[in-house]
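Have a look at the structure below before the remarks.
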Amino acid sequence: MISVEKHHFNWNKVGIIALIIFVVLIFIFPIYWMIITSFKSDADILTRPPTWWFKPTIKNYIHAFKHANFGLFMVNSLIVAVTSTIIVVCLSFLCAYGFARYNTVGRDQFMFFILSTRMFPQIAVVIPYFVLFRNFRLLDTRIAMIILYTMFNLPFAIWLMHSFIKDIPVDLEEAARVDGYSRWRILRKIILPLVAPGLAVTAIFCLLFSWNEFLFAFLLTRTRAATITVGVSSFWTQRGILWGPLCAAAAVCVIPMMIFVALLQKYIVRGLTFGAIKG
């Protein structure tokens, strides 16, 4: 007797896929609209209803880089974000290792104190930082922004790295000490390669925060050290909003970080699943 298998259509799976596509489109559409607007002329931008077919132009990008000096903002953001991220990753790795491996007195209280510095709103410390940097003549300098972003990223990075290092079995270090490894050699040869996904995740979050931060950059810089987010806001003028150059600048601000995160996506996944090494 021949049995005929009936293949039922999985409507639940189709519904889930459709929901995922719908949610993705909701998040992607504003970015898509920003990018196509950056290639529109002023007449096409102000047309109602909006035009979907138009002759593309790059005059908005020319205006942003040639007349608004947007290239300087990009260089400032790149220098400040990369430098502060490197400093934070190095310091957080060493601090987190010390907290994870040494049972010092008051360790838990000190860890909570470090985290508490990340709890208060940023606007509450703008005036103290402004006065401090003014007294040291650091206003509108890249050094001030690097110091500021390092201080704000460091508590989060220490806690994040602490969780990664805690997941590494102590037995590996004890076996290395038996073989004659020094503490620094253990850090370089054993801990650092194992915690590399965690370092990548920490660097990604710190870089994104430094690149996207607006409040401190807007209030503590003027022209020389203004970052890319401040540059985007400069297209809001007394004559109105320059939508074309604004969208061009915003696209230049957003797209590099999207590409950066897409390229390092595998490290993010490895970092989030890093606890699998334990046991």
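Counting begins at 1 with the first residue of the sequence.
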CD1 on I45 to CG on L246, rounded to 0.5 Å: 9.5 Å

Any D42 side-chain heavy atom under 4.5 Å of K59 side chain: yes

Inter-residue atom distance I165.CD1 - L192.CG, 0.5 Å rounding: 9.5 Å

Sequence-distant partners of E173, salt bridge (Lys or Arg N to Asp or Glu O under 4.0 Å), two or more places apart: R101, R183

Verdict with reasoning, L220 to L139, per side-chain contact (heavy atoms from CB on, under 4.5 Å): CA-CA 6 Å; L220 300 179; L139 283 177; 4.1 Å; yes

Ring geometry between F156 and F205 (parallel below 30°, tilted from 30 to 60°, perpendicular above 60°): perpendicular

Set of residues satisfying side-chain contact (heavy atoms from CB on, under 4.5 Å) with respect to W236, sequence neighbours excluded: I241

Test log, rule side-chain contact (heavy atoms from CB on, under 4.5 Å), inputs L199 and F164: CA-CA 9 Å; L199 289 173; F164 287 122; over 6 Å; no

Flag for N153-S84: side-chain donor and acceptor within less than 3.5 Å: no

Between OG1 on residue T37 and CE on residue M34, distance to nearest 0.5 Å: 9.0 Å

Residues that K13 engages under side-chain contact (heavy atoms from CB on, under 4.5 Å), provided they are two or more places apart: N10, I17

Smallest separation among heavy atoms of L154 and S92, with atom names: CD1-N, 3.9 Å

L46, CG: over 12 other non-hydrogen atoms inside 6.0 angstrom: yes

Exceeds 12 heavy-atom contacts within 6.0 angstrom, atom CE of M119: yes

For I190 against A176, the heavy-atom pair lying closest together: CD1-CB, 3.3 Å

ring-ring contact (aromatic ring centres under 6.0 Å, His included) partners for W184, two or more places apart: none

More than 12 heavy atoms of other groups within 6.0 Å of F27 CZ: no

side-chain contact (heavy atoms from CB on, under 4.5 Å) assessment of V88 paired with M161: CA-CA 11 Å; V88 167; M161 289 304 305; over 6 Å; no

Partner set under salt bridge (Lys or Arg N to Asp or Glu O under 4.0 Å) for R134, not counting sequence neighbours: none

Residues, nucleotides or ligands: over 12 heavy atoms within 6.0 Å of L25 CG: yes

Polar side-chain atom of W211 near backbone of I228 as donor-acceptor pair, under 3.5 Å: no

side-chain hydrogen bond (donor to acceptor under 3.5 Å, both in side chains) against T221, all qualifying residues, sequence neighbours excluded: none

A68 versus A64, closest heavy-atom pair with distance: CB-O, 3.3 Å

Ring pair (Phe, Tyr, Trp, His ring centres under 6.0 Å) contacts in which one or both residues fall within residues 74-110, not counting sequence neighbours: F99-F110

K189: partners by side-chain contact (heavy atoms from CB on, under 4.5 Å), with sequence neighbours left out: Y181, R185

Under 3.5 Å: donor-acceptor pair, side chain of S77, backbone of T227: no

Side chain proximity check, V261 to L208, heavy atoms < 4.5 angstrom: yes

OG on S233 to CZ on F214, rounded to 0.5 Å: 4.0 Å

Pairing residues for R224 by the salt bridge (Lys or Arg N to Asp or Glu O under 4.0 Å) criterion, not counting sequence neighbours: D140

side-chain contact (heavy atoms from CB on, under 4.5 Å) evaluation trace for T223 with N69: CA-CA 10 Å; T223 54; N69 202 18; over 6 Å; no

Where T85 and A203 come nearest, the two heavy atoms and their spacing: CG2-O, 3.6 Å

Side chains of T57 and F39 in contact at under 4.5 Å (non-hydrogen atoms): no

Hphob cluster co-occupancy, W243 + I58, side-chain heavy atoms under 4.5 angstrom: yes

Ring centers of F216, F152 separated by less than 6.0 Å: yes

Short side-chain to backbone donor-acceptor contact, S210 and L207, under 3.5 Å: no

For F133, all residues meeting ring-ring contact (aromatic ring centres under 6.0 Å, His included), sequence neighbours excluded: Y129

Set of side-chain contact (heavy atoms from CB on, under 4.5 Å) partners for L19, sequence neighbours left out: V23

Contact summary for L72 and R142, nearest pair of heavy atoms: CD1-NH2, 4.2 Å

H63: partners by ring-ring contact (aromatic ring centres under 6.0 Å, His included), with sequence neighbours left out: H67

